[in-house]
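Only one structure is covered here, and it is reproduced in the block below.
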Protein chains: 2
Amino acid sequence: MPVRLDHSSPDFIKRFQALLAAKREVSADIESATRAIVDDVAARGDAALIEATKKFDRLDLAPGGLRITAGEIDAAVKACDAKTIDALKFARDRIELFHQRQLPKDEHFTDPLGVELGWRWSAIEAVGLYVPGGTAAYPSSVLMNAVPAKVAGVTRVVMVVPSPDGKLNPLVLAAAHLGGVSEIYRVGGAQAVAALAYGTATIAPVAKIVGPGNAYVAAAKRLVFGKVGIDMIAGPSEVLVIADQTGNAGWIAADLLAQAEHDVNAQSILITDNRALADDVERAVEAQLATLPRADIARASWNDFGAIILVKHLDEAAELANAIAAEHLEIMTSAPEALSAKIRNAGAIFLGAHTPEAIGDYVGGSNHVLPTARSARFSSGLGVLDFMKRTSILKCGPDQLRALGEAAMTLGQAEGLDAHARSIGLRLNLP
Amino acid sequence: MPVRLDHSSPDFIKRFQALLAAKREVSADIESATRAIVDDVAARGDAALIEATKKFDRLDLAPGGLRITAGEIDAAVKACDAKTIDALKFARDRIELFHQRQLPKDEHFTDPLGVELGWRWSAIEAVGLYVPGGTAAYPSSVLMNAVPAKVAGVTRVVMVVPSPDGKLNPLVLAAAHLGGVSEIYRVGGAQAVAALAYGTATIAPVAKIVGPGNAYVAAAKRLVFGKVGIDMIAGPSEVLVIADQTGNAGWIAADLLAQAEHDVNAQSILITDNRALADDVERAVEAQLATLPRADIARASWNDFGAIILVKHLDEAAELANAIAAEHLEIMTSAPEALSAKIRNAGAIFLGAHTPEAIGDYVGGSNHVLPTARSARFSSGLGVLDFMKRTSILKCGPDQLRALGEAAMTLGQAEGLDAHARSIGLRLNLP
């Protein structure tokens, strides 16, 4: 059973904080094992990569077999159901249109002293996209990572995806093809992350690595951070639904279960000011679980991490939502915009009864790679800016240097950095 | 002596790659020591923080003594030279004006299907700013971190700064005061990072930690990453100067030394198409070293990591600059803008002979916290966006859900996520 909290009960704060603090993932101590794999690939390149692939994926490759050929990709696309390919194209086009609006503008201005200032955005030149194998190989995630990179202007988008026992989801290759991925290698795990970061004879290195993976992949990304850029470390997924008496219990239950079916560590929370709705939702969850293919996973998630929180007023719901900082927040109330305006911390907000989170997972257009585990307090979902960087630009002439120079020299001297001061003084003919 | 490379010599690529690969910092294995400190503060709060401060800073504090009082800050400001305070105010105002232009705009649009889409930016609520003690306590860095946070709208900016043996640079307190810092604690090291991330009875936790520190601080930031956000891990500073025959050897030498005086691990590189200028710069560096207070540091940096690279054409210089991806790039050529347009990878570009990098360190207005160690290939200097996060917003009505629903259900089923599909199908009365 999910926990039930009542905002008006005396032990609420204590129980709410326990809910916030609950660790949903046990982080095994795999750093030294991961470091050994990463160091080996950094030192020995393809040979180490091929050995690790043989060991972990039971797949025996020659260097020439690392890359998935254009012919294999074509064959995979043809093997896919046409309706699914059309749905992927529909999703791709909507993701592209949404993300084009995120392209930042360069800035150039001249201040009252005549100093020219500004900045210029440019795309990262090469990006690696990690795609998990097995059941977590989601073609939608390929699009969500590849399309913003292409919109940003990244010329080389490299995908790595393990094919354990040689098996590969053709839809993942189709999504890569539709998303503009330029190279695909059939490797995974920490060894693939290392290959992307350090490069091998076959795989040229990239400047940034994005995409979700298992604990080894996450540990490898942490290790190579600095050598290359990385995106966030994704945790288990979560949804928070805020609903009032207008909420449809069946729809809410379906949304809670759509989150719970991802992973036994996923978390689904309902906050409502209506006790009858809370009871109805709990019953509807049980009823829907009876016919759900992934019921075992969803039930474990709902029982272990699910929660229903009763509040007196929806204002309290907004306050709690800001503390929870959910990855996905659905607002199903009579005035969702008014409540949304009070939300400071959330990865994505879904407004009204007809915006189930699953729309955002696939075809809304916005990105489904979002901050988990309360990190929406300090980070954003994936977007075009994650594939670009900003170079600031400054230009003074002699008059501007004279206008700025004295203050800069004063500060340089105050910090004990005389060569700083001198680099200005020399130009101004000052002692 | 700095290394000399010639772009036209047969071993150039090999020697250039060795220059790029040179590790300028030895990373000692301090992770387990750091982890012990962080875990102790997370578990025991103030008591552990006070013990660590006694041990590492030789400073015996009671919980009531952790926070620096308003009276102490006032006294520090009054103890500072008025001219230096004025220079800090001048810098503060210019940094503020520059960074105000970085404030992002929210987006809201309705697509042809009637789907409402967009995003909203909001400030991170609480940010911790780490400021090193000792010689690296730069008041200018306090401004460069605090002002963008305030411009972003962060309400609580908390500073931690160690005061070894009770000593504290009054200019650092003055800069904090001018920069809008709301709380200051006299603690440092991994213990201060842990206190900011986990909170103690005295120090409420923050959501993100920024600012440079020693190896323990950097290791602690890596450890708490995920629990809170962190900025980049800063490495030793570097400058790349590109100059042609119009370059002034004395000015260039001064700029190379302004970088070298920071740290024995700093790096200063000159690329020029003019051999005579290269020789003149090398002589000028030697001459200026003779009278530089921090000559020992600057000489070690220049001898160990300095480089002069001769090219035939400035186009080659641009290509090499993109591979180096320098933190600071000065372009002192007859047409600096034309060369600048070819630069893709650099933290900041300083155009023309009258824009020494030291101007950007203090009073240019742009941020001096910039990506080091080639990370300008994938990251940007500090800015307002580092103190904000973006929440995406999606809204469908019944008609929009009908228009999008089928493709989303197709993809949900293709991914084996039936509860996803069902959350849409229920609303559309589909089986």
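Chain naming here is simple, since letters A, B, ... match the order of the sequence lines and numbering starts at 1 in each.
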Practice task
Mind checking the NZ-CD1 spacing from B:Lys395 to A:Ile359? Nearest 0.5 Å is all I need.
Solution key: 15.0 Å
Practice task
Please state whether the side chain, the backbone, both or neither of A:Ala218 comes within less than 4.5 Å of a heavy atom of chain B.
Solution key: neither
Exercise for the section: Taking the side chain as every heavy atom from C-beta outward, state whether B:Asp361 and A:Glu415 have any pair of such atoms under 4.5 Å apart. Expected result: no
Handout entry: Min side-chain heavy-atom separation B:Arg120-A:Ile349 under 4.5 Å
Key = yes
Handout entry: side-chain contact (heavy atoms from CB on, under 4.5 Å) evaluation trace for B:Thr84 with A:Leu411
Key = CA-CA 7 Å; B:Thr84 312; A:Leu411 292 173; 4.2 Å; yes
Problem - Engaged part of A:Lys227 at the chain B interface, taking heavy atoms whose separation is under 4.5 Å - result: backbone
Handout entry: Greatest number of heavy atom pairs closer than 4.5 Å to chain A - which of B:Glu357, B:Glu337, B:Met388
Key = B:Glu337
Fill in the blank from the handout: Answer key: most heavy-atom pairs under 4.5 Å with chain A among B:Pro336, B:Pro139, B:Gly365, B:Ala414 is B:Pro139
Problem - Heavy-atom pair with the smallest gap, counting every atom of B:Ala358 and A:Ala408 - result: O-CB, 4.5 Å
Exercise for the section: Report the relative orientation of the aromatic rings in A:Phe109 and B:Phe98; use parallel for angles under 30°, tilted for 30 to 60°, perpendicular for over 60°. Expected result: tilted
Exercise for the section: Keeping the roles fixed (side chain from B:Thr355, backbone from A:Cys396), state whether a donor-acceptor pair exists under 3.5 Å. Expected result: yes
Practice task
Please report the closest heavy-atom contact between A:Ser423 and B:Ala254, naming both atoms and the distance.
Solution key: CA-CB, 3.8 Å
Completion exercise
With chain B, the option among A:His262, A:Lys208, A:Arg374 that has the most non-hydrogen atom pairs under 4.5 Å is A:His262
Practice task
Could you grab the distance from atom CD of A:Glu261 to atom CG of B:Leu417, nearest 0.5 Å is fine?
Solution key: 4.5 Å
Problem - Residue pair B:Tyr362 / A:Ile424, side-chain heavy-atom distance below 4.5 Å - result: no
Problem - Reported CG-to-CZ distance for the pair A:Leu117 and B:Arg94, which is rounded to 0.5 angstrom - result: 6.0 Å
Practice task
Please look at B:Pro293 and chain A and tell me whether the side chain, the backbone, both or neither of the residue comes under 4.5 angstrom of a heavy atom of that chain.
Solution key: side chain
Problem - B:Thr372 portion near chain A, given a 4.5 angstrom heavy-atom threshold - result: neither
Handout entry: Heavy-atom neighbours of B:Gln102 CD exceed 12 at 6.0 Å
Key = yes
Handout entry: Pairwise distance CG(A:Asn345) to OG(B:Ser122) - rounded to 0.5 angstrom
Key = 6.5 Å
Fill in the blank from the handout: Honestly, the part of A:Ala325 sitting under 4.5 Å from a heavy atom of chain B is neither
Exercise for the section: Determine whether A:Asn367 and B:Arg390 make a side-chain contact, defined as any pair of heavy atoms from C-beta on separated by less than 4.5 Å. Expected result: no
Handout entry: Region of B:Leu88 in contact with chain A, defined by heavy-atom distances below 4.5 Å
Key = both
Handout entry: Contacting region of B:Ala403 [heavy-atom separation from chain A under 4.5 Å]
Key = backbone
Exercise for the section: Using only heavy-atom distances, determine whether the side chains of A:Gln400 and B:His354 contain a donor-acceptor pair under 3.5 Å. Expected result: no
Exercise for the section: Find the distance between CG (A:Asp81) and OG1 (B:Thr410) and round it off to the nearest 0.5 Å. Expected result: 8.0 Å
Problem - Residue, of A:Ser375, A:Gly226, A:Gly352, A:Gly412, that accumulates the most heavy atom pairs under 4.5 Å with chain B - result: A:Gly412
Problem - Side-chain touch B:His420/A:Arg294, heavy atoms, less than 4.5 angstrom - result: no
Handout entry: Toward chain B, the part of A:Ala260 with a non-hydrogen atom under 4.5 Å
Key = neither
Fill in the blank from the handout: Whatever's closer than 4.5 Å to a heavy atom in chain B on A:Leu394 counts as both
Practice task
Return the option, out of A:Ala376, A:Ser340, A:Pro104, A:Ala373, with the maximum number of heavy-atom pairs under 4.5 Å with chain B.
Solution key: A:Ser340
Handout entry: Flag side-chain contact, heavy atom, 4.5 Å: B:Ile343 against A:Thr391
Key = no
Exercise for the section: Please tell me if the side chains of B:Arg377 and A:Lys389 come closer than 4.5 Å, counting only heavy atoms from C-beta onward. Expected result: no
Handout entry: Within 45° cone and under 6.0 Å: A:Arg222 NZ/CZ vs B:Phe225 ring
Key = no
Practice task
Would you mind telling me which of B:Asn322, B:Asp111, B:Asn248, B:Leu171 has the largest number of heavy-atom pairs within less than 4.5 Å of chain A?
Solution key: B:Asp111
Problem - Residue among B:Leu370, B:Leu292, B:Leu257 with most heavy-atom pairs under 4.5 Å to chain A - result: B:Leu292
Practice task
For each of B:Ala346, B:Gly360, B:Ser366, B:Gly405, tally heavy-atom pairs with chain A at distances under 4.5 Å, and name the one with the top tally.
Solution key: B:Ala346
Handout entry: Heavy-atom pair of closest approach, residues A:Leu401 and B:Pro356
Key = CD1-CD, 3.8 Å
Practice task
Against chain A, label B:Ser379 side chain, backbone, both or neither, depending on which of its atoms sit under 4.5 Å from a heavy atom there.
Solution key: backbone
Handout entry: Under 4.5 Å from a heavy atom of chain A, the part of B:Ala253 involved
Key = neither
Problem - chain A contacts, top residue of B:Gln259, B:Lys83, B:Glu116 (heavy-atom pairs, under 4.5 Å) - result: B:Lys83
Handout entry: Minimum heavy-atom distance A:Ala407-B:Phe90, with the two atoms named
Key = CB-CD2, 3.5 Å
Practice task
Count the heavy atoms belonging to other residues, nucleotides or ligands that lie under 6.0 Å from CD of B:Gln288, then report whether that count exceeds 12.
Solution key: yes
Problem - Heavy-atom side-chain contact between B:Arg427 and A:Asp255 under 4.5 Å - result: yes
Problem - chain B contact via A:Val363 - side chain, backbone, both or neither, heavy atoms under 4.5 Å - result: both
Practice task
Please look at A:Leu385 and chain B and tell me whether the side chain, the backbone, both or neither of the residue comes under 4.5 angstrom of a heavy atom of that chain.
Solution key: side chain
Fill in the blank from the handout: Assert top hit (heavy-atom pairs under 4.5 Å, partner chain B, pool A:Ala91, A:Ala353, A:Pro371) equals A:Ala353
